[in-house]
Amino acid sequence: MIIILIERVSVLKIVLAVSALFLSPITYSSVEHAPTQKVLDEAQDYLTVDPSYTLKLLGQVPNIESLPPALFVRLHIIALRAYVPTNQLDNMLNSLDALFSHSDEPFFIDNATAVLSGLGIWLRRNRYLEDSQVSLECAYELAHTDKQRFTLTNSLALVSRQLNEYEKAQDLYSRLLSLAEQNEQTSLFAMIHNNLGAIDLDLGRIKNAEQHFRISLEKYQSVDKRSGIISAGINLLFAFILQEQIINFERLYEPTSNLTTAFPNDSKKALLFWLKTRFDQLEGKYLTPSIEHRLKVAYSQLEDDKIRKLVYENLASKLGIDVEKPPARTPQSFNSPWFKEVQDCKWKTLIAEYQHSPTD
């Protein structure tokens, strides 16, 4: 893995050079497209607290294909960021296709880190793990801020976990934790603990996982990040059910369920349904044929093979549900006409050209 830190002076020059290029089209269309810009501003504000509302707002924008390039790219970047926590993979790919059709636009170039980060997540969730690393490493090289680098390092650690490279993942997380504390990045701090807990679940260290998930949930609640509260809450419920902590599960289930039900992420709902069914079994309830069928459907909706493996090994056998064991991973390559641009990380060259181009 190649991680290159861009010097701050160079970053400033790049930002100023690129910004000068895309200010003109936005200014030129500012009056005509002011309502759209207002919607995009509001949609972006809701990304952290309620990405489902972000998508609702974006759905109000008419004639998207006729927007000026800068607004078109911005809209799809916001949509891409909202599709990640709601796990809308098909819509993510649609936005990625739309964005890469404008990959030479100045606004795309200046925000290439966000696009490539989203692409890296989509590739990971679709099992293109090596390609995901390529995209995330390019995004890291183009990153403008420490916060972006922190988030991308977390994403690279997630890929390492999927590749069963647990030592590498834990090393990345350990370094990130101290940086998150130093820079008072509460949301990042919560995310790291959530992911460290996931590694502990994989390795059967359930008590350690519980402690990580508790910290994560508390920190996510302190910044009111709904998607994080749901993720950490469900993971903590998983730790409780594996330890058969009935009272703790019962206390946490209702608030987590209420948030999850109102959140458009079928994968989270599917995992919660498996956990609640196991809780009901521990309470003496019997499975009906209807519930067995729903569990099998929910199994197919789980986010990735790591989660499916945890459910298969820890819940399916106890519930007596016959589902397919997640297959051993075989490397696969993502084929798209524009992915060669990602492999070449072509925006480094474009930024260098803008940086050294003559000015009036």
Side-chain angles (χ1 to χ4, degrees), residues 1 51-52 55 76-101 103 112-140 151-166 168-169 172 191 194-195 198-199 202 227 230-231 234-235 263-271 274 296-312 323-345:
M1 180 178 68
S52 60
L55 294 172
H76 278 288
I77 289 175
I78 294 171
L80 185 65
R81 291 180 60 193
Y83 290 141
V84 170
T86 55
N87 201 43
Q88 298 186 38
L89 299 184
D90 289 342
N91 288 331
M92 281 182 72
L93 185 56
N94 290 337
S95 277
L96 287 165
D97 283 333
L99 284 165
F100 278 98
S101 70
S103 64
T113 294
V115 178
L116 293 165
S117 176
L119 172 61
I121 293 170
W122 185 91
L123 290 165
R124 173 174 59 81
R125 292 184 181 177
N126 284 276
R127 302 173 181 164
Y128 300 106
L129 300 184
E130 289 78 11
D131 290 332
S132 177
Q133 284 182 322
V134 168
S135 183
L136 293 170
E137 286 168 3
C138 177
Y140 194 102
T151 302
L152 289 162
T153 302
N154 177 72
S155 292
L156 284 163
L158 285 172
V159 175
S160 294
R161 177 197 169 210
Q162 292 291 326
L163 290 167
N164 296 324
E165 297 173 350
Y166 290 114
K168 181 190 291 187
L172 288 169
M191 180 169 58
N194 198 32
N195 291 330
I199 289 176
D202 288 349
S227 60
I230 292 169
S231 180
I234 292 176
N235 286 339
F263 198 78
N265 188 320
D266 290 337
S267 174
K268 300 299 184 188
K269 293 174 184 176
L271 180 55
W274 270 89
K296 290 180 179 180
V297 172
Y299 187 77
S300 68
Q301 296 173 323
L302 295 174
E303 187 170 295
D304 57 43
D305 285 341
K306 282 293 183 185
I307 295 176
R308 273 185 283 274
K309 186 171 185 287
L310 286 168
V311 169
Y312 178 85
V323 290
E324 184 177 353
K325 181 180 180 179
R329 196 187 79 84
T330 55
Q332 56 180 345
S333 297
F334 177 61
N335 295 314
S336 176
W338 45 258
F339 192 64
K340 182 67 165 59
E341 298 177 357
V342 180
Q343 293 171 318
D344 295 339
C345 202

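- Taking each heavy atom of Leu80 and Gly118 in turn, the nearest pair found is CD2-CA, 4.0 Å.
- Taking the side chain as every heavy atom from C-beta outward, Lys268 and Phe263 never approach each other to under 4.5 Å.
- Taking 4.5 Å as the limit, some side-chain heavy atom of Val342 sits within range of a side-chain heavy atom of Phe100.
- When the shell of 6.0 Å around CZ of Arg81 is examined, it contains 12 or fewer heavy atoms from other residues, nucleotides or ligands.
- Atom OH of residue Tyr83 and atom CG of residue Asn94 lie 7.5 Å apart, to the nearest 0.5 angstrom.
- With Asp304 contributing its side chain and Lys306 its backbone, the two residues share a donor-acceptor pair below 3.5 Å.
- Taking the side chain as every heavy atom from C-beta outward, Leu123 and Phe339 approach each other to under 4.5 Å.
- Under the 4.5 Å side-chain criterion, counting only non-hydrogen atoms from C-beta, Asn265 is not in contact with Ile230.
- Around CD of Glu324, the count of heavy atoms belonging to other residues, nucleotides or ligands within 6.0 Å does not exceed 12.
- Not one N or O on the side chain of Ser95 forms a donor-acceptor pair closer than 3.5 Å with the backbone of Met92.
- Between Asn87 and Asp266 the shortest side-chain heavy-atom distance does not fall below 4.5 Å.
- Inter-residue side-chain proximity for Leu89 and Leu93 is flagged as unmet; no heavy-atom pair is nearer than 4.5 Å.
- Considering only heavy atoms from C-beta on, Glu130 comes within 4.5 Å of Leu163 through its side chain.
- Judged purely by atom type and a 3.5 angstrom limit, Arg124 has no side-chain atom pairing as donor or acceptor with the backbone of Ser155.
- For the atom pair CD of Gln332 and CG of Leu129, the computed distance is 8.0 Å after rounding to the nearest 0.5 Å.
- Here Leu136 contributes atom CG and Thr113 contributes atom OG1; the two are 11.0 Å apart, rounded to the nearest 0.5 Å.
- Judged by distance alone, with hydrogens and angles left aside, the side-chain atoms of Ser135 form no donor-acceptor pair with the main-chain N or O of Ser132 at under 3.5 Å.
- Note that the CZ atom of Phe334 and the CG atom of Leu119 stand 6.5 Å from one another [nearest 0.5 Å].
- Between atom CG of residue Asn195 and atom CG of residue Asn154 there is a gap of 5.0 Å, rounded to the nearest 0.5 Å.
- When atom types are taken as modelled, the side chain of Ser160 and the backbone of Ala169 share no donor-acceptor pair closer than 3.5 angstrom.
- Separating the CG atom in Asp344 from the SG atom in Cys138 is a distance of 9.5 Å, to the nearest 0.5 Å.
- Across all non-hydrogen atoms, the minimal contact from Pro264 to Lys269 is CA-NZ, 4.5 Å.
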Practice item. Give the intermediate values and the outcome of salt bridge (Lys or Arg N to Asp or Glu O under 4.0 Å) for residues Asp305 and Arg329. Key: CA-CA 9 Å; Asp305 285 341; Arg329 196 187 79 84; over 6 Å; no
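- Tyr140 is not listed as a side-chain neighbour of Cys345, based on a closest heavy-atom distance of 4.5 Å or more.
- At distances below 3.5 Å, at least one donor-acceptor pair connects side-chain atoms of Arg308 with backbone N or O atoms of Leu302.
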